[in-house]
Amino acid sequence: MGLVYANITLTNVKDQVRFEENLIKKDQIRQITATMLVDSGAYMMAINETVKTQLGLSVTRKQIAQLANGSLLELGIVGPIEVMFENRRTICEAMVLPGDVEMLLGAIPMEAMDVLIHPTQNKLVVNPLHPNIAQLSLK
């Protein structure tokens, strides 16, 4: 299986709340759609510094992450971010990678949206067993 990419829409949740409270207009909600590497081996979602700035997100804390090459790096955590793929959405935090590097959609948001990597089509898909609404396990 090769690398899998998907178009993911990211929205600043705090902007959505401000809109609901009539503090900003709908067109002021910061949102982007970006192509992300779908990585079920990664725990969290990882965005880059450029997207963090575009969405107006603030670092809430720091955490150590182990990169694919084995090195450790202290990264900022931002959120909340609404993550959308097709008819699925969830809210999560993201680690911020330096610069304009490739972003990752990790296992936590994938599980929350009930999406999976289709092995023969080599793409991200809504779980075909639950096409209309996400199903989560509480076990």
Side-chain angles (χ1 to χ4, degrees):
M1 181 160 45
L3 298 177
V4 176
Y5 291 88
N7 290 327
I8 306 295
T9 300
L10 306 173
T11 305
N12 181 323
V13 172
K14 291 180 180 178
D15 284 353
Q16 288 177 325
V17 171
R18 288 184 194 105
F19 168 70
E20 290 166 6
E21 295 173 343
N22 294 315
L23 298 173
I24 64 171
K25 296 178 181 174
K26 188 171 182 103
D27 64 357
Q28 292 176 297
I29 298 173
R30 289 168 282 193
Q31 179 180 79
I32 64 153
T33 298
T35 301
M36 299 179 81
L37 175 63
V38 180
D39 187 353
S40 60
Y43 186 65
M44 292 181 70
M45 182 171 67
I47 64 171
N48 59 41
E49 190 71 37
T50 302
V51 169
K52 172 193 166 285
T53 301
Q54 288 174 338
L55 291 176
L57 300 168
S58 299
V59 172
T60 58
R61 67 182 192 283
K62 301 271 185 170
Q63 195 164 340
I64 303 293
Q66 184 174 20
L67 304 180
N69 66 7
S71 65
L72 299 176
L73 188 61
E74 183 179 80
L75 299 174
I77 306 293
V78 296
I81 304 170
E82 182 180 69
V83 182
M84 294 182 288
F85 173 76
E86 294 188 10
N87 66 340
R88 303 300 168 88
R89 64 182 59 212
T90 190
I91 295 174
C92 67
E93 295 179 310
M95 296 185 126
V96 180
L97 299 169
D100 196 26
V101 299
E102 185 172 65
M103 299 186 297
L104 304 172
L105 180 70
I108 290 175
M110 288 175 64
E111 282 283 321
M113 291 189 292
D114 193 19
V115 297
L116 48 90
I117 298 171
H118 193 288
T120 58
Q121 295 179 13
N122 211 30
K123 67 178 188 175
L124 187 68
V125 296
V126 167
N127 188 335
L129 297 176
H130 320 121
N132 299 317
I133 189 168
Q135 179 176 313
L136 304 176
S137 174
L138 295 178
K139 300 182 210 178

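Here the NZ-CD distance, from Lys26 to Glu20, works out to 9.5 Å after rounding to the nearest 0.5 Å. Separation of atoms CD (Glu86) and CE (Met84) is listed at 12.5 Å; rounding is to 0.5 Å. Here CD of Glu74 is found 5.5 Å from NZ of Lys62. Values are rounded to the nearest 0.5 Å. Here CD of Gln63 is found 4.5 Å from CD1 of Ile77. Values are rounded to the nearest 0.5 Å.
Side chain of Asn48 to backbone of Met103: no donor-acceptor contact under 3.5 angstrom is found.
Paired with Ile47 under the rule side-chain contact (heavy atoms from CB on, under 4.5 Å), one option of Ile81, Leu97, Leu104 passes, and it is Ile81.
In this structure, Met36 and Met45 have side chains that are in contact, with non-hydrogen atoms separated by less than 4.5 Å.
The shortest non-hydrogen separation linking Val115 to Phe85 is CG1-CD2, 3.8 Å. The two residues Pro80 and Ile91 make their nearest non-hydrogen contact at CB-CG2, 3.6 Å. When all heavy atoms are compared, the tightest approach of Met113 to Arg88 is O-NH1, 2.8 Å. The two residues Gln121 and Lys123 make their nearest non-hydrogen contact at OE1-CE, 2.9 Å. Taking both residues in full, the closest heavy atoms of Cys92 and Pro109 are given as SG-CB, 4.2 Å, listed atom of the first, atom of the second, then distance. Of all non-hydrogen atoms in Thr90 and Ala112, the two that sit nearest each other are OG1-CB, 3.2 Å.
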Apply side chain to side chain contact (heavy atoms under 4.5 Å, CB included) to residues Met110 and Ile117 and explain how you reach the verdict. CA-CA 9 Å; Met110 288 175 64; Ile117 298 171; 4.1 Å; yes
Test Gln66 against Tyr43 for side chain to side chain donor-acceptor pair (under 3.5 Å), laying out the working first. CA-CA 11 Å; Gln66 184 174 20; Tyr43 186 65; over 6 Å; no
For side chain to side chain contact (heavy atoms under 4.5 Å, CB included), just list the numbers for Val59 and Lys52, CA-CA rounded to whole Å, side-chain angles, deciding distance to a tenth of an Å, and then say yes or no. CA-CA 9 Å; Val59 172; Lys52 172 193 166 285; 3.7 Å; yes
Please test Asn122 against Val4 for side chain to side chain contact (heavy atoms under 4.5 Å, CB included), starting from the C-alpha separation and ending with a verdict. CA-CA 6 Å; Asn122 211 30; Val4 176; 3.4 Å; yes
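Hydrophobic clustering places Ile108 together with Leu67 (ILVMFWY residues linked when any side-chain heavy atoms are closer than 4.5 Å, directly or through intermediates). No continuous path of ILVMFWY side-chain contacts below 4.5 Å connects Met95 to Leu105, so the two sit in separate hydrophobic clusters. Ile32 and Val83 fall within the same hydrophobic cluster, where Ile, Leu, Val, Met, Phe, Trp and Tyr residues are linked whenever their side-chain heavy atoms come under 4.5 Å apart, directly or through other members. The hydrophobic clustering, which links ILVMFWY residues whose side-chain heavy atoms are closer than 4.5 Å, places Val38 and Val51 together.
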List, one per line, each side-chain donor-acceptor pair under 3.5 Å for residues 6-14, sequence neighbours excluded.
unit_1, atom_1, unit_2, atom_2, d
Asn7, OD1, Thr35, OG1, 2.8
Thr9, OG1, Thr33, OG1, 2.9
Thr11, OG1, Gln31, NE2, 2.7
Asn12, OD1, Lys14, N, 2.8
Asn12, OD1, Asp15, N, 3.1
Asn12, ND2, Leu55, O, 2.7

Donor-acceptor pairs are to be reported for all side-chain atoms of residues 125-132 against protein atoms at under 3.5 Å, with residues two or more places apart or in another chain.
unit_1, atom_1, unit_2, atom_2, d
Asn127, OD1, Leu129, N, 2.9
Asn127, ND2, Asp114, OD1, 2.9
Asn127, ND2, His130, ND1, 3.4
His130, ND1, Asp114, OD2, 2.7
His130, NE2, Gln135, OE1, 3.1

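Within a 6.0 Å radius of CD1 in Ile64, other residues, nucleotides and ligands contribute more than 12 heavy atoms.
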